[in-house]
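Written out below as structure tokens is the structure these notes cover.
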Amino acid sequence: MDVHAFVTDDEAWVPAVDFTDQEDSLLTGTVSFPLPSFLTADEALSMVESTDRLIAWAIAMKMRALARVEEAIGEESPRRPENQPVRFGGDEVHALAVSEVSTGCALTEGAAARFLNNAADLTTSQWEVLEAVEAGEISEAHAQIILDQARSLPAEQAEMFAAVALQRTRTRQGRRRTPSELRACLRRLRESLHPESLAARKESARRERGVWFTPEPDGMCTLSAVLTAEVGMAIFNGLDRDAREASARAAEPVSLPGPGAALGRSAPPDPRTLSELRADAFVYRFLGASDESESGAFRAEVVVTIPVGLVLGDGGVLGDGLVLGDGSGTAELEGYGPVDAATVRRLAALAPTWQRLFTDCTTGQALGVGRVAYRPPKALRRYLYCRDGTCRFPGCTRRAAACEPDHTIEWQDGGATDAGNLAMLCRKHHALKSIGAWSYRQSSPTGDLEWRSPLGREYSTEAVDFGKALYPPKEPEPPPF
């Protein structure tokens, strides 16, 4: 690859890249971009977007070529001698392709196999996804998420899933979702399309649960576990609560010996991050704590969001005389995603701090939150947790429960403390808004936000659509006369 610099008529230096790096290279052509040092911030960001589209196009070409590698090996490889036993489960062509790609591209065989499997899907059943990558509409990361979710569906549902998933790569206002946002969105879509009930799939998946130990450098390790979602969320939330309480205790003034003790001087600040405090809380829970206040079982702090259609029928009682429907739909476990009706009923019985939020099954918008156990300010905050789901900054997926409520119109400027003037922001993005770098306004009663960046670019974020129907029921056609 040769880079040549030349001067255009407006005297802006532009590097031209000629793709002639090897004599036998099949890649030829020229790409030109302005020299970044001559660009404004907005122009430089536009150049980043352009290069992303170029990279996506190149990824699509790579996938098409990889698919052809395996196809051509099947056409060109010599016939296996009849006296040789069948190897590789009969898929010898795939094994040959993996070895060729692995050695030619300096990849592990595992990575080569994943590339070839992706290429095979993208050039056959998921061709629409590949075309979207080639056009620069989605990135390789977005495509990988769609493939991963589609593979967990039967073939007849997988193609329908991909078509709808491509629409979900953008929000209703047209902003492209980040990979993390898309993953959460598509998990809900997958649940709605899967022909097997979530309860049955969960029972099968339970057999995959386990705990693993992986050595790490510098005297460290990774301890990982696969558990049911409600158990894992309860453990994580318990550790998070322990960590935040420890952080708050460390920030309290204490009396230190020496001059000025009566003034309640503060102890040196705790240097541990919240993540480190969670890790220490994890150790204390399993190996014993020096402070009795840190011992004892976790309280299962979980929040479940229920589409209102699920509370009709002859299902199980959720508490307060409330009845869950026939189990045909799914509720939403905060911090995880869809859960089955049986799990919802069990959480209702076991978790003393279990909360419910009702949503409209058609629009997915929050209808309200019960106030039986909460004072109004706490109920309003709980409502915001469920309405917003995450930090409302474009692309941020930090859980709303770990964020701060922000007044859209500042309190000192006459802003009210109500849902129509509040949004959950993580500390970082709250600070960006507070210093005036980013600004936003609430554009609808449902909590949709319109953001404006320091460069004048506009983005939108929306309230969570829990339980939103993908295909609203249609009126039956009248019988022919």
Side-chain angles (χ1 to χ4, degrees), residues 164 167-178 180-189 191-192 303-310 329-339 355-371 374 376-409 415-426 429-430 433 438-452 458-470 472:
V164 180
Q167 299 175 10
R168 298 301 177 88
T169 58
R170 292 187 178 273
T171 64
R172 293 191 300 270
Q173 277 76 30
R175 179 180 64 83
R176 187 167 63 167
R177 287 188 164 101
T178 66
S180 295
E181 289 180 296
L182 182 63
R183 184 181 292 106
C185 177
L186 295 191
R187 286 173 64 188
R188 301 186 192 109
L189 174 62
E191 295 302 333
S192 70
V303 179
V304 181
T305 304
I306 310 170
V308 71
L310 296 187
T330 59
E332 188 94 5
L333 176 64
E334 183 183 277
Y336 170 73
V339 291
Q355 295 295 318
R356 62 179 179 267
L357 171 77
F358 300 114
T359 62
D360 187 296
C361 281
T362 300
T363 66
Q365 298 298 334
L367 299 178
V369 65
R371 293 190 176 187
Y374 292 94
K378 202 166 187 178
L380 177 59
R381 184 184 287 259
R382 177 61 64 191
Y383 176 86
L384 292 171
Y385 290 168
C386 297
R387 184 198 70 181
D388 292 353
T390 64
C391 168
R392 293 300 303 280
F393 189 83
C396 184
T397 57
R398 188 173 182 83
R399 292 175 57 200
C403 297
E404 306 165 342
D406 172 68
H407 285 77
T408 308
I409 300 174
T417 304
D418 58 37
N421 191 51
L422 292 171
M424 301 306 297
L425 299 180
C426 70
H429 295 129
H430 196 173
K433 187 260 186 179
W438 283 74
S439 62
Y440 72 88
R441 66 184 184 88
Q442 298 214 23
S443 58
S444 72
T446 58
D448 292 351
L449 307 184
E450 293 182 358
W451 286 84
R452 186 177 180 85
E458 296 183 349
Y459 305 88
S460 62
T461 62
E462 301 144 6
V464 177
D465 287 338
F466 291 128
K468 183 176 181 180
L470 294 172

For [X] against [Y], the heavy-atom pair lying closest together:
X	Y	answer
C391	C403	CB-SG, 3.7 Å
F393	T461	C-CG2, 4.0 Å
Y383	A419	CE2-CB, 4.0 Å
L449	A423	CD1-CB, 3.9 Å
Y440	H407	OH-C, 4.0 Å

*For R452, check salt bridge (charged side-chain N to carboxylate O under 4.0 Å, His left out) against everything at least two apart and list the hits.*
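Once residues adjacent in sequence are excluded, the partners of R452 under the salt bridge (charged side-chain N to carboxylate O under 4.0 Å, His left out) criterion are E458.
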Among residues at least two apart in sequence or on other chains, which ones pass side chain to side chain donor-acceptor pair (under 3.5 Å) with [X]?
X	answer
R441	E450
T390	none
Q173	none
N421	none

For the [atom1] atom of [X] and the [atom2] atom of [Y], what is their distance to the nearest 0.5 Å?
X	Y	atom1	atom2	value
K433	H429	NZ	NE2	14.0 Å
T397	L182	OG1	CG	12.0 Å
I409	L422	CD1	CG	11.0 Å
T178	R183	OG1	CZ	9.0 Å

_For E181, run the salt bridge (charged side-chain N to carboxylate O under 4.0 Å, His left out) check against R170, R392, R175 and tell me which one passes._
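Result for salt bridge (charged side-chain N to carboxylate O under 4.0 Å, His left out) with E181: R175.
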_Applying side chain to side chain contact (heavy atoms under 4.5 Å, CB included), can you list everything that pairs with C185, at least two apart in sequence or on another chain?_
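Result, side chain to side chain contact (heavy atoms under 4.5 Å, CB included) vs C185: R168, R177.
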*Between the side chain of D388 and the main-chain N/O of A400, is any donor-acceptor distance below 3.5 Å?*
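No, the answer is negative, given that no donor and acceptor are paired below the 3.5 Å cut-off.
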